[in-house]
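A note on names: the letters A, B, ... follow the listed sequences, proteins ahead of strands, and every chain is numbered from 1.
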There are 2 protein chains.
Amino acid sequence: MESEELRNVGLKVTTPRLKILSLLENAKAKHMTAETIYRQLSEGGEVIGLATVYRALAQFEAAGLITRHQFEGGQTVFELERGPHHDHIVCARCGRVEEFYDKVIEDRQREIAEKLGFTLSDHALTLYGECSNGTCTAKNG
Amino acid sequence: MESEELRNVGLKVTTPRLKILSLLENAKAKHMTAETIYRQLSEGGEVIGLATVYRALAQFEAAGLITRHQFEGGQTVFELERGPHHDHIVCARCGRVEEFYDKVIEDRQREIAEKLGFTLSDHALTLYGECSNGTCTAKNG
DNA sequence: ACTCTACATGAGAATAATTCTCATGTGCAA
DNA sequence: TTGCACATGAGAATTATTCTCATGTAGAGT
């Protein structure tokens, strides 16, 4: 239940928040911009201000429910924080996003940070390339 | 000579381009925003439009003379493309940026891309943490 | 259930970063 | 030397995001 999720992180359960959260859970695209979320909700007949979408996303992020990614060239996208940590590879041609996890890289990052005297708190790793996908033409998330 | 660099990449040698390029080469900070570049040139008495700074930076980037980084939270920064490839670790507290290169990670990235059917063309890796630096208080680049 | 208050919301204005427009200026090939 | 493709400065325009403010509402305490 989405209301549980909100309560668990100390957020009031409100209609806009529920709608946004469940859109993120049910949408076809895993990575969505604030605009896209706003538009899809509007098309679904909801009356939710764009500012509210931005506010809710910021709160969800602070609460750890979602993650924010800034792929190069594109707008900021948001993704539900489900399952294990992963990084992304983005097709420069069609915009397709694949996820991956690599223990070697993860470990190495921690070692590097330590060696340089940093306490690692986060990281952003995105690979860019062209996918050899036949359907590599249209944009999707 | 900066004029050489410009000619080599097929750009006309103009005063604004030369000024921007040499500022990037001589500035104390290795990573600068377009605004900073604009401001420093203005303070130095140059009359160069901000739009020109953006235009020049975009061209330099396309030509491979500089690289663009989008550290989280911050504005886009530009860095002269000198020496070997490297990635960054940014202190979340004081903004200090350190560079590092790790062959293991680099190799791994290529392998991952290949395994996923992508031809790797680029990547962005930034680590975030807190540096254990005593001087870790003020912002710098 | 009722009420009160702190927090949430929608709408549109405001801001920040970047790009565009356009009239004018200029590097450089011929 | 000159012509013209490309570059420039200034400010307008655009884009993404955040703020403001008057109003609405969730939910703790009764």
Engineer: Say whether B/V53 and B/L6 are linked into one hydrophobic cluster, either directly or through other cluster members, by side-chain heavy-atom distances under 4.5 angstrom.
Structural biologist: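 Same cluster.
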
Engineer: Looking at A/K103, I want to see if its NZ is surrounded by more than 12 non-hydrogen atoms of other residues, nucleotides or ligands under 6.0 Å.
Structural biologist: no

Engineer: What is the distance, rounded to the nearest whole Å, between atom CZ of B/F60 and atom P of D/dA7?
Structural biologist: 11 Å

Engineer: Checking side-chain polar atoms at under 3.5 Å, does A/T67 have a donor or acceptor matched by the opposite partner on A/E81?
Structural biologist: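 A donor-acceptor contact under 3.5 Å links the two side chains.
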
Engineer: In Å and rounded to the nearest 0.5 Å, what is the CG to CD distance from A/L11 to A/E5?
Structural biologist: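 Those atoms lie 11.0 Å apart.
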
Engineer: When the distance from CG of B/L6 to P of D/dA7 is rounded to whole Å, what number comes out?
Structural biologist: 11 Å

Engineer: Just by protein heavy atoms under 4.0 Å, how would nucleotides 11-21 of chain C read 5' to 3' in B, S and -?
Structural biologist: BB----SBBBB

Engineer: Would you please name every residue forming a salt bridge (charged side-chain N to carboxylate O under 4.0 Å, His left out) with A/R39, sequence neighbours left out?
Structural biologist: none

Engineer: Could you state the atom-to-atom distance from CD of B/E4 to P of C/dG27 in whole Å?
Structural biologist: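 Going from B/E4 (CD) to C/dG27 (P), I get 17 Å.
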
Engineer: What are the atom names and distances for every N/O pair under 3.5 Å that joins the protein to nucleotides 23-30 of chain D?
Structural biologist:
{"from": "D/dG27", "atom 1": "OP1", "to": "A/V13", "atom 2": "N", "distance (Å)": "3.0"}

Engineer: Using 4.0 Å as the upper bound for N to carboxylate O, is an ion pair formed by A/R108 and A/E106?
Structural biologist: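 Salt bridge between A/E106 and A/R108, a charged N being under 4.0 Å from a carboxylate O: no.
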
Engineer: Going by atom types alone, do B/E79 and B/H86 pair a side-chain donor with an acceptor below 3.5 Å?
Structural biologist: yes

Engineer: Would you find a donor on one side and an acceptor on the other, under 3.5 Å apart, between the side chain of B/Y128 and the backbone of B/E72?
Structural biologist: yes

